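Heads up, the thing below is written out as structure tokens.
Chain A is the first sequence line, chain B the second, and so forth, proteins listed ahead of strands; every chain is numbered from 1. As the structure is a prediction and not an experimental result, all values here were calculated from the model.
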2 protein chains.
Amino acid sequence: MSYTAPLKDMQFVLNELAGLETISSLPGCEDATPETVDAVLEENARFCSEVIAPLNVAGDREPSSWQDGKVTTTKGFKEAFRAYAEAGWQGVQHPVEFGGQGLPKVVATPCMEMLNAANLSFALCPLLTDGAIEALMTAGSREQQETYLANFISGKWTGTMNLTEPQAGSDLALVRTRAEPQGDGTYKLFGTKIFITYGEHDMAENIVHLVLARTPDAPSGVKGISLFIVPKFLVNADGSLGARNDVHCVSIEHKLGIKASPTAVLQFGDHGGALGYLIGEENRGLEYMFIMMNAARFAVGMQGISVAERAYQKAVQYAKDRIQSRDLAGSPEPVAIIHQPDVKRMLMSMRAQTEAARALAYVGAAAHDIALAHPDEKVRQEQEAFYEFLVPIIKGWSTELSVDVASTGVQVHGGMGFIEETGAAQYYRDARILPIYEGTTAIQANDLIGRKTVRDGGATAKAILAQVRGTAAQLSAADNASLQAIGRQLAQGADALEDVVNYVTGNIKADIKAVFAGSVPYLKQAGIVLGGWQMGRAALAAAQRLQQGQGDARFYEAKIVTARFFAEHILPQALAYRTEIVEGAGSVLGLQEDQF
Amino acid sequence: MSYTAPLKDMQFVLNELAGLETISSLPGCEDATPETVDAVLEENARFCSEVIAPLNVAGDREPSSWQDGKVTTTKGFKEAFRAYAEAGWQGVQHPVEFGGQGLPKVVATPCMEMLNAANLSFALCPLLTDGAIEALMTAGSREQQETYLANFISGKWTGTMNLTEPQAGSDLALVRTRAEPQGDGTYKLFGTKIFITYGEHDMAENIVHLVLARTPDAPSGVKGISLFIVPKFLVNADGSLGARNDVHCVSIEHKLGIKASPTAVLQFGDHGGALGYLIGEENRGLEYMFIMMNAARFAVGMQGISVAERAYQKAVQYAKDRIQSRDLAGSPEPVAIIHQPDVKRMLMSMRAQTEAARALAYVGAAAHDIALAHPDEKVRQEQEAFYEFLVPIIKGWSTELSVDVASTGVQVHGGMGFIEETGAAQYYRDARILPIYEGTTAIQANDLIGRKTVRDGGATAKAILAQVRGTAAQLSAADNASLQAIGRQLAQGADALEDVVNYVTGNIKADIKAVFAGSVPYLKQAGIVLGGWQMGRAALAAAQRLQQGQGDARFYEAKIVTARFFAEHILPQALAYRTEIVEGAGSVLGLQEDQF
């Protein structure tokens with residue numbers, strides 16, 4: 001079995017939780033009518049399942065390879081990327097002006113999910129290009145936009161993000177790549193960048209690197225970093241490609257997973273200097289990169305959801321096919337293992353976490369759309385704060401759970417899961433990068449604490465918690481045992497999260513290390529409670545549809561069961577996190593270096 | 001860095017928690033004096049670090065390979081196995097009569113830990129041979145013992161366990177391999193066995209397969225399975241090797257991890273029948289196999305602890321070496337990442353879980369020794385029940401946590417963790433088989449519920465819980481804030497576990513599926529609470545030594561901090577499991593097959 005897009009769940013989340021209808025009515029989003037959205041999603045689903053998904057295994061078995069500075073991608077990738085670009089998928093969320101479809105993020109998000117589920121390695125190339133588009137849209141000059149955007153959106157060229165250097169990973173203050181002004185407005189760059197995804201490949205005519213570097217007089221630290229465009233081939237005034245620039249791929253990495261995606265070491269300026277063009281102003285590079293990174297972090301969160309969904313589908317299929325052991329309460333004949341309670345538990349755990357993470361991410365995308373387009377400034381600000389609060393959670397929580405879900409997927413397969421030919425192991429290997437790149441979970445958690453919780457004294461967190469409690473109250477008041485059970489767990493989760501928010505804001509000044517000792521547990525707890533909130537909302541919506549006798553009753557019943565599973569099996573962890581964070585800082589920090 | 005055996009912690013656990021002194025005084029265990037044990041462990045540590053550990057990476061990069069029915073192991077493995085055998089390590093726990101050292105299991109256990117930590121793939125060969133020895137010691141005839149045991153213990157021959165068939169994995173009732181009596185007391189076997197670890201290799205002169213098969217008139221199901229010896233080369237009356245038997249390795253698997261360990265598909269009887277010799281009586285094969293499996297399950301649990309320890313050591317080293325980001329509360333200069341709170345939290349989580357699992361396993365091994373050798377029958381029975389209760393937990397919990405620990409180890413390394421050359425990824429890949437083979441975690445959990453909890457109405461579980469409460473009370477009464485904190489969490493964990501034991505015993509008759517829906521959570525909860533109990537005992541012992549001013553104060557202080565970390569960061573999960581198990585069965589079982 002390959003990949004079947006979960007269109008029904010996507011549409012449920014879009015319509016019932018993310019408020020697609022509201023977004024369609026916003027200025028500039030009018031094209032996102034229900035009919036258009038349905039058509040886009042169905043066509044995207046077909047394309048991803050039929051064209052992209054079949055290349056996933058091939059990419060793992062015959063990864064990108066490097067020779068003499070050139071990278072050859074897996075057979076079929078080049079043609080698939082052509083088809084992807086020609087069908088216009090690179091432009092879903094980008095401006096019509098440059099050839100895009102101009103659809104809101106909430107519509108682009110399920111497309112992103114499908115592409116990543118079909119093939120994580122393949123999807124990274126468009127993902128990085130999206131980031132480059134975002135950066136140029138925000139901080140590029142009109143001329144830069146005109147030179148690059150249409151070529152990105154048409155898939156003629158692709159983009160990369162060049163941040164990491166051997167000594168500068170999570171800490172960009174340590175970036176050393178130099179950019180020397182040439183007196184004509186251009187710069188020459190010198191340095192080494194590592195971990196550059198699709199930093200070299202054969203799928204497009206040109207590769208445009210967005211590179212963090214320091215000008216000679218730049219202040220030290222993060223305030224002295226500028227952002228440059230460094231194309232692989234220089235671009236002539238008429239837009240045609242000119243000379244080869246002095247940026248070269250000296251090797252690609254041998255990785256645990258996402259093997260088809262080439263991870264390049266790029267050498268800038270070994271032969272006289274790589275010509276670069278400043279984006280925006282000097283020393284504001286990190287600020288621009290953060291814009292790009294916010295979008296990329298959201299996208300990596302989606303990657304987590306995608307690989308979780310794919311792993312879930314594979315495990316379900318195996319559990320339905322594999323005959324083994326008798327039914328515990330049934331006949332002596334062996335049955336499909338999906339009838340074994342623990343297999344059901346594993347599948348439900350995979351399913352519930354994936355659905356919760358999807359719901360939270362789509363709701364986040366909707367908030368981003370509203371923040372951009374709503375006529376009321378207060379609403380824009382509220383939704384902007386909500387989205388910003390969610391980004392590190394969507395990135396950190398969805399990717400952490402994807403590792404767990406993929407691991408459970410292997411377990412469902414038993415011994416066959418450990419055999420590479422089965423395919424379940426690929427998801428386990430691929431997923432492992434997701435909590436690391438685009439900022440590790442700890443980096444996301446720092447952001448959640450610093451910029452998103454402490455900076456406004458916990459106001460955004462508390463505002464969200466008030467909404468969670470509202471949902472919990474609605475659930476508890478319902479005349480339905482399942483909804484009540486969900487409401488009870490959700491209310492307890494909200495209490496636990498509130499204790500933690502108070503602990504974080506109350507102790508940050510007096511004992512910053514103690515607060516950061518609980519940073520990742522706080523992020524995971526927030527993910528669980530907000531994911532549980534969305535599942536609670538989903539259960540309420542499903543119950544209403546059932547009561548109205550509308551739609552597919554078995555789908556809605558399953559949604560309520562899944563929400564209840566999340567509430568009873570995942571949400572209780574929020575209390576354990578509370579204890580860990582509020583009581584446990586001393587034991588995190590208690591050992592000296594030599595005691596390890 | 002390679003592997004450094006944690007001798008200090010091992011000796012602490014042996015002496016302070018597992019009661020090595022008591023065991024040395026048991027009949028037959030007199031050789032296990034503190035001096036002998038120290039010498040054995042030190043020499044084993046040296047051997048494993050210097051001879052075996054360096055082959056671990058090579059085994060991953062150049063796995064065993066198959067050609068024309070022959071398997072060539074990784075370069076160096078053959079010589080290392082020779083050295084292992086010649087140094088007498090295969091015989092540590094086996095009878096002096098057949099060339100072993102006759103040491104108790106509690107001493108063999110740290111040796112097993114070291115070998116597995118040094119090289120999981122290599123260690124599997126001796127591990128399987130141990131199982132074959134155990135089976136023949138229990139059920140083999142005197143003649144069979146004389147033919148095989150000395151050759152196993154000297155490392156001249158190795159053993160395998162042949163259970164799984166394509167249609168019979170977790171459910172051995174489905175075994176189809178036929179054994180046809182030849183009228184002279186021998187049998188001819190026909191069938192296919194898969195997943196046979198070291199089923200074919202070049203490290204020993206002969207390979208002796210222990211094979212589950214059915215005789216022609218055997219009853220169906222598990223009560224019609226017999227156990228046979230099927231040597232690769234037949235053994236002449238004088239003990240020399242004779243003709244090649246009709247068992248052939250037709251392929252080996254391409255696996256996610258433990259790649260150096262050949263996983264064979266064995267074909268029995270394609271050329272007239274594989275000559276086999278019945279062990280014990282017909283139709284009692286599963287019973288004998290269970291004896292062997294109990295030892296093997298304990299050993300696989302040790303593998304989990306081993307790989308967790310190795311992953312921890314690697315992560316610590318990286319965290320001390322890698323300079324990145326400033327200290328949160330310190331100077332602006334970048335520091336080693338071990339000073340970042342979340343890195344400390346990750347390392348503490350790896351360390352605390354590994355130490356807890358080690359303590360529980362060694363205490364289990366001690367119980368096994370006492371159960372065999374104690375003069376008082378009542379003590380023997382109690383300790384036997386205790387050991388039997390622990391085996392599925394040691395197997396299931398230690399291996400599940402090893403996957404988590406190895407994954408955290410990758411995370412500590414950031415992007416470098418995903419690069420295969422770094423080595424952290426190998427542990428993540430290798431560990432993944434551990435919760436699967438020798439019975440998946442669900443199979444262990446079935447055993448824990450069925451044979452170990454329900455059969456005696458929860459009596460053993462309750463007896464253990466009484467001891468846990470005793471430790472919690474001691475901790476709570478101590479004049480030490482850390483011990484008190486541990487005591488508080490331990491008492492809550494015991495309450496949660498008791499609720500679950502009552503739920504299991506109280507509902508098994510009325511709703512067997514609901515009970516089994518919580519089987520794995522119950523196993524994990526039991527692991528956490530019993531592991532926390534051992535860490536509580538460790539903290540008490542360490543506090544006492546500190547008070548007495550004996551030994552290495554910084555070691556004992558670290559032990560208390562680590563125990564407190566376990567109590568505050570891991571033990572609270574016991575409450576989440578309680579909710580999951582007691583309240584959550586309905587949502588596990590709520591979906592029908594077509595709703596997945």
Side-chain angles (χ1 to χ4, degrees), chain A residues 169-171 174 195 253-256 316 320 324-325 328-329 334 338 341-342 344-345 347-348 403 407 410-411 414-415 418-421 425 432-433 435-437 440 442 512-513 516-517 519-520 554 558 561 564-565 568-569 572-573 575-576 579-580 583-584 587-591 593 595-596, chain B residues 169-171 174 195 253-256 316 320 324-325 328-329 334 338 341-342 344-345 347-348 403 407 410-411 414-415 418-421 425 432-433 435-437 440 442 512-513 516-517 519-520 554 558 561 564-565 568-569 572-573 575-576 579-580 583-584 587-591 593 595-596:
Chain A
S170 290
D171 184 5
L174 304 176
F195 295 159
E253 307 292 352
H254 172 222
K255 307 191 301 292
L256 172 63
V316 165
K320 287 181 177 179
Q324 193 78 179
S325 304
L328 269 179
I338 200 166
D342 190 62
K344 273 205 169 155
R345 187 192 58 80
L347 295 176
M348 287 303 296
V403 175
S407 180
V410 173
Q411 189 72 19
F418 201 65
I419 306 300
E420 283 289 2
E421 282 76 6
R432 196 63 198 78
I433 189 60
I436 295 176
Y437 67 14
T440 63
I512 187 170
K513 282 203 173 184
F516 279 87
S519 65
V520 168
R554 288 181 66 70
V561 171
R564 185 166 178 172
F565 182 94
E568 291 173 339
H569 294 259
Q573 296 166 15
L575 282 69
T579 304
E580 174 166 19
E583 300 182 25
S587 56
V588 170
L589 304 169
L591 294 198
E593 185 171 346
Q595 287 175 301
F596 280 94
Chain B
S170 290
D171 185 5
L174 304 175
F195 296 159
E253 306 293 351
H254 171 221
K255 307 191 300 293
L256 172 63
V316 165
K320 287 182 177 181
Q324 193 77 178
S325 305
L328 267 180
I338 200 168
D342 190 62
K344 273 203 170 154
R345 184 191 60 78
L347 295 176
M348 288 303 296
V403 175
S407 180
V410 172
Q411 189 73 18
F418 202 64
I419 306 300
E420 284 288 3
E421 283 76 5
R432 197 61 198 77
I433 190 59
I436 296 175
Y437 66 14
T440 63
I512 187 170
K513 282 203 174 184
F516 278 87
S519 65
V520 169
R554 290 181 65 69
V561 171
R564 185 167 179 174
F565 182 95
E568 291 173 339
H569 294 259
Q573 296 166 16
L575 282 70
T579 304
E580 175 167 19
E583 301 183 24
S587 56
V588 170
L589 304 169
L591 295 197
E593 185 172 347
Q595 287 175 301
F596 281 94

Examine whether an atom of [X] lies under 4.5 Å from a heavy atom of chain A, and if so say whether it belongs to the side chain, the backbone or both; otherwise answer neither.
{"X": "B:F418", "value": "both"}
{"X": "B:V316", "value": "side chain"}
{"X": "B:L589", "value": "both"}

Quick check against the 3.5 Å criterion: does [X] have a side-chain atom that pairs as donor or acceptor with the backbone of [Y]?
{"X": "B:R432", "Y": "A:S407", "value": "yes"}
{"X": "A:K513", "Y": "B:L328", "value": "no"}
{"X": "A:Q595", "Y": "B:R554", "value": "yes"}

From [atom1] ([X]) to [atom2] ([Y]), nearest 0.5 Å:
{"X": "A:R564", "Y": "B:E583", "atom1": "CZ", "atom2": "CD", "answer": "8.5 Å"}
{"X": "A:K344", "Y": "B:F596", "atom1": "NZ", "atom2": "CZ", "answer": "5.5 Å"}
{"X": "B:E420", "Y": "A:E253", "atom1": "CD", "atom2": "CD", "answer": "11.5 Å"}

Between chain B and each of [options], count heavy-atom pairs under 4.5 Å; write down the option with the most.
{"options": "A:I338, A:I419, A:L575, A:I433", "value": "A:I433"}
{"options": "A:E568, A:K255, A:M348, A:H569", "value": "A:H569"}
{"options": "A:P341, A:G590, A:A329", "value": "A:P341"}
{"options": "A:L174, A:V403, A:T440, A:L347", "value": "A:L174"}
{"options": "A:S170, A:P435, A:S519, A:A425", "value": "A:P435"}

Check [X] against [Y] and note the closest heavy-atom contact, atom names and distance.
{"X": "A:H254", "Y": "B:E421", "answer": "ND1-OE2, 3.4 Å"}
{"X": "A:D342", "Y": "B:A442", "answer": "OD2-CB, 3.4 Å"}
{"X": "B:I436", "Y": "A:G415", "answer": "CG2-N, 3.3 Å"}

Inset, instruction - Report yes if the side chains of A:V588 and B:F565 come closer than 4.5 Å at any heavy-atom pair, otherwise no. - result: yes
